[in-house]
Enquirer: 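So that we are looking at the same thing, I have put the structure below in structure tokens.
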Amino acid sequence: MLDPKYIRSNAEEVAVQLRKKHYELDVKRIISLDSERKSIQLSTEQLQSERKSGSKQFGMLKAKGEDVSELKSSLENINEKLNVSEQALKDIQAELEAILLMVPNLPHESVPEGKDENDNLKIRQWGKPKVLDFEPQDHVSLGQAYGLDFETGVKLSGARFTLMRGQIARLHRALAQFMLDVQTVEHGYEECYTPYLVHADSLLGTGQLPKFEEDLFKTSCEGEATPYYLIPTAEVPLTNIVRDSIVEASALPIRLTAHTPCFRSEAGSYGRDTKGMIRQHQFDKVEMVQIVHPSTSFDALEEMTGHAEAILQKLDLPYCVVALCGGDLGFVATKTYDLEVWMPGQQMYREISSISNCLDFQARRMQARFRGAEGKPELVHTLNGSGVAVGRAMVAVIENYQDVKGRIHVPEVLKPYMGGIEIIQ
RNA sequence: GGAGGGAUGGCUGAGCGGUUGAAAGCACCGGUCUUGAAAACCGGCGUGGGUUUGUAGCCCACCCAGGGUUCGAAUCCCUGUCCCUCCGCCA
């Protein structure tokens, strides 16, 4: 959420900045609702003040044994007006809040203009696609012999679910273990095991709710008071660790990582990437989250991007770093880098990681703060990034490490995790 | 699923329905004292919102959450959430 005070006094400027994200802010509505809010709040607080002092006086008069009937009726009168006024205030505040929760974060000035992923800006490239002297296969045809079982996945759960068995299942596990070890041991993230089901408050904090409910899987359990949601990313539990808390400045930055499954309904992506395990309802990811001092969040963004890149470099997978353009930028992000890995089977670079700085946008929703230099609580900045998506990384490994015989060579760094297997064949 | 007990400021912990946003202790910050430190003493020390040019002042709200009773609720009533103990079930 943006700072309501800031929007109030800089509505036009905010609207201009949000146009970069192709979002049209209803300035008129917000201004008029807020001025209405102001007058109602003022009169409500005036009435509250009158009741407060009147009741205090009531107590004193009664203690002295004096007559209170007149005061009582005047207080009853105030209460009548107050009830109406308080309800009106509550309504308009809720209305304003509902609007503000739907307004996206402001894009950073360095974010390129653009409409969709075609306008993203390539920042750098690492490695080069290998020149092969044979026609590369894609992971679908390559993997099936070694345990990548799409048919059974569909039998068990339907479209966008895959069963992995045998060596492929092990390769998948090896990748996750390897990533988690790199992020914890080399990059200083604290390993976490998080709940995979969270309640709505957590999703509101990180910005998936209220706007993106349709992208989530939601439980409906007999006798359940409030539903649970399956996490769409470990960003949700990891970031919400600091929700409603004030941490010491000396505790920052907080670096957290977790390997979790992620669940997404993929509503609105019908027909996209239906083949293979590029786009699944359930996929694993090693997530990185940083909770930082506001002055360091952009440094942290570069650093985290490096942490994700390290994984691909160690796996020797060619990739590009792109800066998302305004139109492609997510709801909570002020700036995002995507890592796109080379997929020989598709002859193109595909997103494998996304690293975002959210400034205080999530922190404000979560009331996540630190104690600043003057002792006053200030909002932290939050960042999240994948380090990296496990399923897609496995697809990249399968396709990039294939040989002419359709075998898959195990990347050097994964060998310790594969029990000495050098080639999957 | 059944039976009880609980939730108060960073922590511990008081709080007959009425000058209680809340005692006290600890922690923390400033000061006095000291060569320095400790101790002792003095003072300060919650969060959110509003108003405002204002991190000044003033006002409002907040004692798990939401309702209710009352002129007035941390205190009484109802509902919910969470935590603890015991029984049952269970990986």
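Per chain, numbering begins at 1; letters A, B, ... match sequence-line order.
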Enquirer: For a quick check under 3.5 Å, do A:Gln137 and A:Glu399 share a side-chain donor-acceptor pair by atom type?
Expert: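 On atom types as modelled, these side chains do not qualify, holding no pair under 3.5 Å.
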Enquirer: Would you say the ring centroid of A:Phe263 lies under 6.0 angstrom from that of A:Phe283?
Expert: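 That pair fails the under 6.0 Å test.
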Enquirer: Using atom P of each nucleotide, how far apart are B:G43 and B:G25 to the nearest Å?
Expert: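 It comes out at 12 Å once rounded to the nearest Å.
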Enquirer: Using OP1 and OP2 only, check whether a side-chain N or O of A:Ser49 sits under 4.0 Å from B:C59.
Expert: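 False: A:Ser49 side-chain N/O out of range (4.0 Å or more) of B:C59 OP1/OP2.
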Enquirer: Quick one: list whatever passes side-chain hydrogen bond (donor to acceptor under 3.5 Å, both in side chains) with A:Thr162, sequence neighbours left out.
Expert: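 Only A:Gln280 meet the side-chain hydrogen bond (donor to acceptor under 3.5 Å, both in side chains) criterion with A:Thr162.
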Enquirer: Are any protein N/O atoms closer than 3.5 Å to N/O atoms in nucleotides 62-67 of chain B? If there are, list each pair with its distance.
Expert:
residue : atom : partner : partner atom : Å
B:G67   : OP1  : A:Lys90 : NZ           : 2.8

Enquirer: Checking A:Ser110 against A:Lys335: is there a side-chain donor and acceptor pair closer than 3.5 Å?
Expert: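 A:Ser110 and A:Lys335 do have a side-chain donor-acceptor pair below 3.5 Å.
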Enquirer: How far does the P atom of B:A74 sit from the matching atom of B:U8, given to the nearest Å?
Expert: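 Per the computed distance, 16 Å lies between those P atoms.
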Enquirer: Does a donor on one side chain sit under 3.5 Å from an acceptor on the other, for A:Arg369 and A:Ser245?
Expert: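 No pair is found: no donor N or O on one side chain lies under 3.5 Å from an acceptor on the other.
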Enquirer: If I pick the C1' atom on B:U75 and the same atom on B:C64, what distance separates them, to the nearest angstrom?
Expert: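 Those two atoms are separated by 16 Å.
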Enquirer: Kindly write out the residues that satisfy side-chain hydrogen bond (donor to acceptor under 3.5 Å, both in side chains) with A:Asp181, not counting sequence neighbours, or none if the list is empty.
Expert: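 A:Asp181 satisfies side-chain hydrogen bond (donor to acceptor under 3.5 Å, both in side chains) with A:Tyr417 only.
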Enquirer: Using the P atom in both, what is the distance from B:C89 to B:C83, to the nearest Å?
Expert: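 It works out to 23 Å between them.
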Enquirer: With a 3.5 angstrom cut-off on both distances, give the Watson-Crick or G-U wobble partner of B:C62, or none if there isn't one.
Expert: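 Its partner is B:G46.
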Enquirer: Between B:U20 and B:C41, how many Å separate the two P atoms, rounded to a whole number?
Expert: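 Their P atoms lie roughly 26 Å apart.
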Enquirer: According to the Watson-Crick and G-U wobble definitions, with both distances under 3.5 Å, which nucleotide is paired to B:G17?
Expert: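 For B:G17, the partner nucleotide comes out as none, under the 3.5 Å rule.
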Enquirer: Watson-Crick or G-U wobble partner for B:U81, using a 3.5 Å limit on both distances?
Expert: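 Across all strands, the one nucleotide that pairs with B:U81 is B:A7.
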Enquirer: If I pick the C1' atom on B:G46 and the same atom on B:A39, what distance separates them, to the nearest angstrom?
Expert: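 Per the computed distance, 29 Å lies between those C1' atoms.
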Enquirer: Say we look at B:A73 and B:G17: how far apart would their C1' atoms be, to the nearest angstrom?
Expert: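 Comparing C1' positions in B:A73 and B:G17 gives a spacing of 6 Å.
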Enquirer: With a 3.5 Å limit on both atom pairs, tell me what B:U55 is paired to, counting Watson-Crick and G-U wobble, or say none.
Expert: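 Base-paired to nothing in any strand shown.
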Enquirer: Examine B:C71: is either OP1 or OP2 under 4.0 Å from a nitrogen or oxygen in the side chain of A:Asn77? Give yes or no.
Expert: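 No, because none of the side-chain N or O atoms of A:Asn77 sits under 4.0 Å from OP1 or OP2 of B:C71.
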Enquirer: Under a 3.5 Å cut-off for both contacts, is B:U70 paired Watson-Crick or G-U wobble with anything, and if yes, with which nucleotide?
Expert: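 WC or wobble partner does not exist here.
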Enquirer: Around A:Gln93, counting heavy atoms of other residues, nucleotides and ligands shown, do more than 12 lie under 6.0 Å from its CD?
Expert: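 Counting other residues, nucleotides and ligands, CD of A:Gln93 exceeds 12 neighbours.
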Enquirer: Any strand counts, and the cut-off is 3.5 Å on both contacts for Watson-Crick or G-U wobble. Which nucleotide pairs with B:A91?
Expert: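 For B:A91, the partner nucleotide comes out as none, under the 3.5 Å rule.
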Enquirer: Across nucleotides 16-21 of chain B, 5' to 3', mark each nucleotide with B, S or - according to how protein heavy atoms within less than 4.0 Å reach it.
Expert: --BB--
Enquirer: Are any protein N/O atoms closer than 3.5 Å to N/O atoms in nucleotides 43-50 of chain B? If there are, list each pair with its distance.
Expert:
residue : atom : partner  : partner atom : Å
B:U47   : OP1  : A:Arg371 : NH1          : 3.2
B:U47   : O3'  : A:Arg369 : NH1          : 2.8
B:G48   : OP1  : A:Arg369 : NH1          : 2.9
B:G49   : O2'  : A:Gln41  : NE2          : 3.3
B:G49   : N2   : A:Glu45  : OE1          : 3.4
B:G49   : N2   : A:Glu45  : OE2          : 3.4
B:G50   : OP1  : A:Arg8   : NH1          : 3.2
B:G50   : OP1  : A:Arg8   : NH2          : 2.9
B:G50   : O4'  : A:Gln41  : NE2          : 3.1
B:G50   : O3'  : A:Arg37  : NH2          : 2.9

Enquirer: Which base, if any, makes a Watson-Crick or G-U wobble pair with B:A40, both distances under 3.5 Å?
Expert: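 In the structure as shown, B:A40 has B:U32 as its Watson-Crick or wobble partner.
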Enquirer: Side-chain contact test, heavy atoms from C-beta onward, threshold under 4.5 Å: evaluate it for A:Arg243 versus A:Asp201 and give yes or no.
Expert: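 Yes, their side chains come closer than 4.5 Å.
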Enquirer: What are the two closest non-hydrogen atoms of A:Glu214 and A:Ala267, and how far apart are they?
Expert: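 Minimum heavy-atom contact is O-CB, 3.7 Å.
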Enquirer: Only pairs with both distances under 3.5 Å count, Watson-Crick or wobble alike; so what is the partner of B:A27 in this structure?
Expert: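 With both distances under 3.5 Å required, B:A27 matches none.
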Enquirer: Any idea how A:Phe217 and A:His281 line up, ring-wise: parallel (<30°), tilted (30 to 60°), or perpendicular (>60°)?
Expert: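 Perpendicular.
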Enquirer: Using the test salt bridge (charged side-chain N to carboxylate O under 4.0 Å, His left out), find all partners of A:Glu422 that sit at least two apart in sequence or belong to another chain.
Expert: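 For A:Glu422 the salt bridge (charged side-chain N to carboxylate O under 4.0 Å, His left out) partners, ignoring immediate neighbours, are A:Lys415.
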Enquirer: Determine the Euclidean distance between corresponding C1' atoms of B:G10 and B:C45; express it in Å to zero decimal places.
Expert: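 The same atom, C1', in both gives a distance of 11 Å.
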Enquirer: Answer with yes or no whether the side chains of A:Asp138 and A:Ser141 bring together a donor and an acceptor at under 3.5 Å.
Expert: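 There is such a pair between these side chains.
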Enquirer: Just by distance, with hydrogens left out, do A:Tyr189 and A:Gln290 show a side-chain donor and acceptor under 3.5 Å apart?
Expert: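 Note: A:Tyr189 and A:Gln290 side chains meet the donor-acceptor criterion.
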